[in-house]
There are 2 protein chains.
Amino acid sequence: MSHVSTAPDGRRLLLRLESIADLTAEERQAVLDLPLVVRSYDAGSDIVRDHDRPHECCLLLEGYAIRHKLLPDGRRQIMAFHIPGDIPDLESLHLHILDNSVGALTPVRAAFIPHRAIREATQRHPGLLHAFWRQTLIDAAVFREWMIGMGRRTAHERIAHLICEMLLRLEAVGLAPEGTYLFPATQNELGDALGLSTVHVNRVLQDLRKQELITWVRSVVTVLKRDALMDLCAFDPTYLHQDHGTER
Amino acid sequence: MSHVSTAPDGRRLLLRLESIADLTAEERQAVLDLPLVVRSYDAGSDIVRDHDRPHECCLLLEGYAIRHKLLPDGRRQIMAFHIPGDIPDLESLHLHILDNSVGALTPVRAAFIPHRAIREATQRHPGLLHAFWRQTLIDAAVFREWMIGMGRRTAHERIAHLICEMLLRLEAVGLAPEGTYLFPATQNELGDALGLSTVHVNRVLQDLRKQELITWVRSVVTVLKRDALMDLCAFDPTYLHQDHGTER
DNA sequence: CGCAATATTGACCATCATCAATTGGCGTGG
DNA sequence: CCACGCCAATTGATGATGGTCAATATTGCG
C-alpha cells in the first residue's frame, strides 16, 4: 500500500532538520520538494534487513521502530529506539550494505526517499548536507552513550538512563507533555536493548516504581521525580546535542 | 612542540581516504594541500577532552589513541581504539561540543587540521565530502558492533571479537603482517573497553592462549588460528565496510 | 469467554566483580 | 652490575549482580 505523501508528512522531515540546523528558505523548500513514498508496516515486521542494499532512506512518520541485529544463535541486540522524524537507515546513503535491521515496534507509517533525491538536494544545498550529516553524528553519539551504559552502568542506572533519554528526545518533538510519553516496548525488548534479561528488567522496573521515580503502565511512562531519576544515573544530556543554536 | 608537517605525514590521510572512497586527481591534491600542524603527546595524556569545543580535527599519524569517557564516580568506558590514519574527533566538524575525550594510549604524533580547511575542501570536492562522511558512518557501525558485544556476547566472545576487529583494521593499513600486530593496551584498558574487570580479562586471555588461538606477549598479538578465533565469536566483517569498491 | 502475549514471582545458579596478595618485567640511580 | 621501585600481569578466595528455568498471574483482544 504505498502512496505519495500528503502535506503534513512532508513537514515531518523539515521539522526534524530545523531542530538540528538552521535552514534558509530555499533549503526548507528543497526539503518539502523531496519525493516521498509512504508505506505502512505491522508491528513486529521488518522495514529493512541486515545486509540489504537499499536505494532509499526511511523516514519514520508515525509509530516507533527499532534498529536491531540478530546473532546467529538467536541472541538479539537492539541498538536504538527510533521515534517519528528519525531516519533509522540514513547511513545507507554512504554505506551500501546495511549492517543491521530496522523493525516496526508498533504499527508504523514510513516515508521512503530515494538516495538520489537526497544526494541532489544536499549537493545543491550545503545547509541540508550539514543537517543530514549532523543527524548521523548525533545517532553515533547516542550509540556511544549506550556503550557506556552496557559496559559500565548497573541495571538500575541503565534503565533510568534510557527513560531519561527517551524523555528528552520525545520532549524535543512535543511528544512528552508533563513528563509523560508513550514507550511501546515490552520488557523483553528493553532487555535486548540494555543487555539485560526480561526478568531482571521487570524487577528493576518494580523497584523504580516503588521508589516513586516513575510510573509505567501499558506503554505509558511518566517521570514523577525528574531530578532524582537523572541523579540516579548521572544523566548528562550533552550527548544528545539538542541545542544547536547556543552550543557554538 | 608543534610544527608544520613533512611530506609523508600528508600522505597518511590520503591513504586512508582512498581506502574509503575513490578520489579524483584534484581531490587527491586537495587532501595533500590541507594544512597540518603536528603535535606530540606522551602516553596517557589527553589529546582532546570531553566538553571541549575544538576548531580543528586530529589526524593520528603515529601511535594508538583511545576514545573514552569517565563517569562522575571514576568508572571509565573506552569507546574505540584508534590507529594511525584515524580521525578520532572527526565528528567535531558538525557537533560543536565533544561528548568524549581522546587520549594517547602510546606516545602519539598527531596532525591537526582546522575545521575551516576541511569545510572548504569538502565544499569544493564532493568526493572528499563523501569520504569523510563515510568515515564517520563506519565509526558509528563499529560502535554498534561493540554494543552487541557488551550487551549480548560473553567475555570470551567479546575479547575474541576485538582481536579479530583489530586484526582486520590493521591489515587494511598494512600493520598486521602474518597475523601479528601491535596492540599496546593493558588488560585494564581492555576491560574498560569491553565492560569487564581486569582480572576477568586476564583469565579469558589465558584461556585463549591455552587453546592456542592467539599469542599476546607485551603488546604483540599474534592470531594463530584465524578461522577458529572468528568462529568462536561469529565474526562477520561486514560492519567494517572495508570493501568500498565491490560492495555496490 | 478464551487464547496469546506480557508481566510477575520464586528458586537456584553462573558469570563475572571485588579484594588482596604475589610475581615478573624493566628502567633508573648508585 | 645490582637494588629499588613501579607498573602490569597473575593468582586465589569470596561474593554479588544479574541470568536461567519454570510456574503463575494479568491484560489485551477477537
Side-chain angles (χ1 to χ4, degrees), chain A residues 42-45 64 66 71 73-78 103-107 149-162 182-210 214-221 232-233, chain B residues 42-45 64 66 71 73-78 104-107 149-160 162 182-210 214-221 232-233:
Chain A
D42 292 331
S45 63
Y64 289 55
I66 52 175
L71 294 184
D73 67 349
R75 283 174 288 177
R76 175 175 68 158
Q77 178 66 44
I78 292 176
L105 193 59
T106 62
M150 292 197 286
R152 287 300 180 223
R153 283 196 252 256
T154 66
H156 276 76
E157 292 169 330
R158 265 181 255 188
I159 293 184
H161 201 278
L162 177 60
L182 203 70
F183 193 177
T186 65
Q187 295 178 355
N188 180 31
E189 286 154 346
L190 289 175
D192 281 345
L194 298 168
L196 298 168
S197 69
T198 309
V199 173
H200 203 62
V201 168
N202 182 284
R203 288 182 167 129
V204 172
L205 241 23
Q206 287 182 49
D207 198 48
L208 294 180
R209 285 191 283 238
K210 194 173 311 168
I214 63 157
T215 260
W216 189 325
V217 186
R218 256 176 296 303
S219 302
V220 178
V221 176
L232 172 57
C233 58
Chain B
D42 292 331
S45 63
Y64 289 55
I66 52 175
L71 294 183
D73 67 349
R75 282 174 288 178
R76 175 174 67 158
Q77 179 66 43
I78 291 175
L105 194 59
T106 63
M150 293 198 287
R152 286 301 180 223
R153 282 195 253 257
T154 66
H156 277 76
E157 291 169 329
R158 265 181 256 188
I159 293 184
L162 177 59
L182 203 69
F183 194 178
T186 65
Q187 295 179 354
N188 180 33
E189 286 153 347
L190 290 175
D192 281 344
L194 299 168
L196 298 169
S197 69
T198 310
V199 172
H200 203 62
V201 169
N202 182 285
R203 289 180 168 132
V204 172
L205 242 21
Q206 287 182 49
D207 197 49
L208 294 181
R209 284 192 285 239
K210 196 173 308 167
I214 63 157
T215 260
W216 190 325
V217 186
R218 255 174 294 302
S219 302
V220 177
V221 176
L232 172 57
C233 57

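Convention: sequence-line order gives letters A, B, ...; per-chain numbering from 1.
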Nearest-angstrom distance from the residue atom NZ of B:Lys210 to P of D:dT10
12 Å
Given 3.5 Å as the limit, does a donor-acceptor pair link the side chain of A:Arg152 with the main chain of B:Leu196, or not?
yes
B:Arg76 side, atom CZ; B:Glu189 side, atom CD - distance, nearest 0.5 Å
5.5 Å
May I ask you to evaluate whether A:Arg218 reaches the phosphate of C:dA5, defined as a side-chain N or O under 4.0 Å from OP1 or OP2?
no
Please produce a list of atom pairs where a protein N or O lies less than 3.5 Å from an N or O of nucleotides 13-21 of chain C.
{"residue": "C:dC16", "atom": "OP1", "partner": "B:Ala155", "partner atom": "N", "Å": "3.2"}
{"residue": "C:dC16", "atom": "OP2", "partner": "B:His200", "partner atom": "NE2", "Å": "3.4"}
{"residue": "C:dA17", "atom": "OP1", "partner": "B:Gly195", "partner atom": "O", "Å": "3.3"}
{"residue": "C:dA17", "atom": "OP1", "partner": "B:Ser197", "partner atom": "N", "Å": "3.1"}
{"residue": "C:dA17", "atom": "OP2", "partner": "B:Ser197", "partner atom": "N", "Å": "3.0"}
{"residue": "C:dA17", "atom": "OP2", "partner": "B:Ser197", "partner atom": "OG", "Å": "2.9"}

Does D:dC7 have OP1 or OP2 sitting under 4.0 Å from an N or O in the side chain of B:Gln187?
no
Rounded to whole Å, CG of B:Leu205 lies from P of D:dT10 at a distance of 7 Å
At under 4.0 Å between heavy atoms, what does B:Arg75 touch on the DNA or RNA strands: base, sugar-phosphate, or nothing?
nothing
Ignoring backbone atoms, establish whether A:Asn202 has a side-chain N or O less than 4.0 Å from OP1 or OP2 of C:dA7.
no
Backbone of A:Arg158 reached by a side-chain donor or acceptor of A:Arg153 within 3.5 Å
no
Mind checking the CG-CD spacing from B:Asp192 to B:Gln77? Nearest 0.5 Å is all I need.
7.0 Å
What's the CG-C1' distance between A:Asn188 and D:dT20, to the nearest Å?
14 Å
To the nearest 0.5 Å, what is the distance between CZ (A:Phe183) and CG (A:Leu162)?
4.5 Å
Looking at D:dT11, I'd like to know if its phosphate oxygens (OP1 or OP2) sit under 4.0 Å from a side-chain N or O belonging to B:Gln206.
yes
Expressed as a whole number of angstroms, how long is the span from A:Leu194:CG to D:dT17:C1'?
15 Å
Checking the side chain of B:Asp42 only, and the main-chain atoms of B:Gly44 only, is there a donor and an acceptor separated by less than 3.5 Å?
no
